[in-house]
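Here the structure comes first, spelled out in structure tokens, and everything after it is commentary.
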Amino acid sequence: MKIQILTRTYALTIEVGTQETILEIKRKIEHFLGVPISSQTLSIYDWELLDGLDLEDYPIVTEGTKIDLTIDNRTPPLETRRQTQITVKFSSRKHNIEIDITETVGSLKEKIHIIDGTPIKQMMLYFSGVEMDEDFRNLSDYGVGEFSEIIVFLKSVTRSVTEPPSRKLGFVVQTSSALFNSACIPLEMKDSSTVNELRELLLARKLLPIDDYIFIHKQRIMRDNCSLRWHGVENGDYLYVFKGTVN
């Protein structure tokens, strides 16, 4: 299919496949426009497309979709580049991963998910016997450095866990101007509510026309039968809604 890459001054139409990764698309842009991959940021409606995912992970990308290209011409000084290699070890396998030690624990989990396929929610990361249990903290906060070895344990999906009591969340649903009238819809729901229940609420209040929708939170497609708590939604967060379905 053909998509359009838009900058402030010009548009580039390229042919892509649904199984192409975002990184492969950036290579095509580098070939046609001469823009280094490291200087490219691709986004749709201010939603950044991640290098390790492919177009099948973004069902909003269809024939003729317009993708914004932001070019960063700044070259970071050498002292701010802190790329290094670490080893991520499972019980039966391991991966060598290049990281920046200023990255967060959460971003490392995303990289592991892209490389290994392990669900992020099942991961427990340990370094030097200490659990890295705060996703927002930098890896350097835990002492991770060059050639460090991170151990990955998996949470059992059958393990009985006492759920904390439900609490109310205040968040905003942002709709897309390209698909229907752009709007910011403030809502309040229990964090135990599912995405399906959120969809039904919006339809019942006639805040959305009857159609199929997907919801996005922090650049991840939300699962219909999972709760807002499961997706990590917090007070003040934005959820983005697009027309479409996920097979």
Is the Lys NZ or Arg CZ of R199 less than 6.0 Å from the centre of F215's six-membered ring, within 45° of the axis?
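Negative - R199 is either too far from the ring of F215 or too far off its axis.
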Can you sort out the partners of R205 under side-chain contact (heavy atoms from CB on, under 4.5 Å), two or more places apart, ordered by chain and number?
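Applying side-chain contact (heavy atoms from CB on, under 4.5 Å) to R205 gives L187, L201, L207.
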Report the residues that fulfil side-chain contact (heavy atoms from CB on, under 4.5 Å) with F153, sequence neighbours left out, ordered by chain and then residue number.
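So F153 forms a side-chain contact (heavy atoms from CB on, under 4.5 Å) with M124, Y126, I151.
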Might you point out which heavy atoms bring [X] and [Y] nearest each other, and give the distance in Å?
X    : Y    : value
H231 : R223 : NE2-N, 2.8 Å
E24  : Q19  : OE1-O, 4.3 Å
A11  : L6   : CB-CD2, 3.4 Å
D237 : F171 : O-CB, 3.3 Å
M132 : V105 : O-CG1, 3.6 Å

Taking ILVMFWY side chains as joined if any heavy atoms are under 4.5 angstrom apart, and letting links pass through other members, which residues group with I37?
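In the cluster with I37 are L23.
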Determine whether the side chains of [X] and [Y] contain a donor N or O and an acceptor N or O closer than 3.5 Å.
X    : Y    : value
S39  : D72  : no
S192 : S166 : yes
N196 : T194 : no

When rounded to the nearest 0.5 angstrom, what distance separates [atom1] in [X] from [atom2] in [Y]?
X    : Y    : atom1 : atom2 : value
L108 : E103 : CG    : CD    : 7.0 Å
I25  : L69  : CD1   : CG    : 11.5 Å
D133 : L125 : CG    : CG    : 10.0 Å
L208 : I185 : CG    : CD1   : 5.5 Å
I216 : L239 : CD1   : CG    : 10.0 Å
I112 : H95  : CD1   : NE2   : 8.5 Å

Do NZ/NE/NH1/NH2 and the carboxylate oxygens of [X] and [Y] come within less than 4.0 Å?
X    : Y    : answer
K28  : E15  : no
K218 : E234 : no
R93  : D116 : yes

Side-chain donor or acceptor of Q40 paired with backbone N/O of V35 under 3.5 Å:
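Flag set: sc Q40 to bb V35 pair under 3.5 Å.
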Look at the side chain of Q122 and the backbone N and O of L154, then say whether any donor-acceptor pair between them is shorter than 3.5 Å.
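No; zero donor-acceptor contacts below 3.5 Å.
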Evaluate side chain to side chain donor-acceptor pair (under 3.5 Å) for N96 paired with T87, printing each intermediate quantity in order.
CA-CA 5 Å; N96 293 324; T87 299; 3.0 Å; yes
Report yes if some heavy atom in the side chain of [X] is under 4.5 Å from a heavy atom in the side chain of [Y]; otherwise report no.
X    : Y    : answer
K111 : I99  : yes
L203 : Y213 : yes
K2   : E63  : yes

Test of understanding: clusters of I, L, V, M, F, W, Y form through side-chain heavy atoms closer than 4.5 Å, transitively. Do V61 and I221 belong to the same one?
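Yes, V61 connects to I221 through the hydrophobic network.
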Spell out, yes or no, whether Y240 and W230 are grouped together once hydrophobic residues are joined by side-chain heavy atoms under 4.5 Å, including indirect joins.
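Different hydrophobic clusters.
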Ring centres under 6.0 Å, that's the criterion: do W47 and Y238 meet it?
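Ring-ring flag for W47/Y238: false, centres at least 6.0 Å apart.
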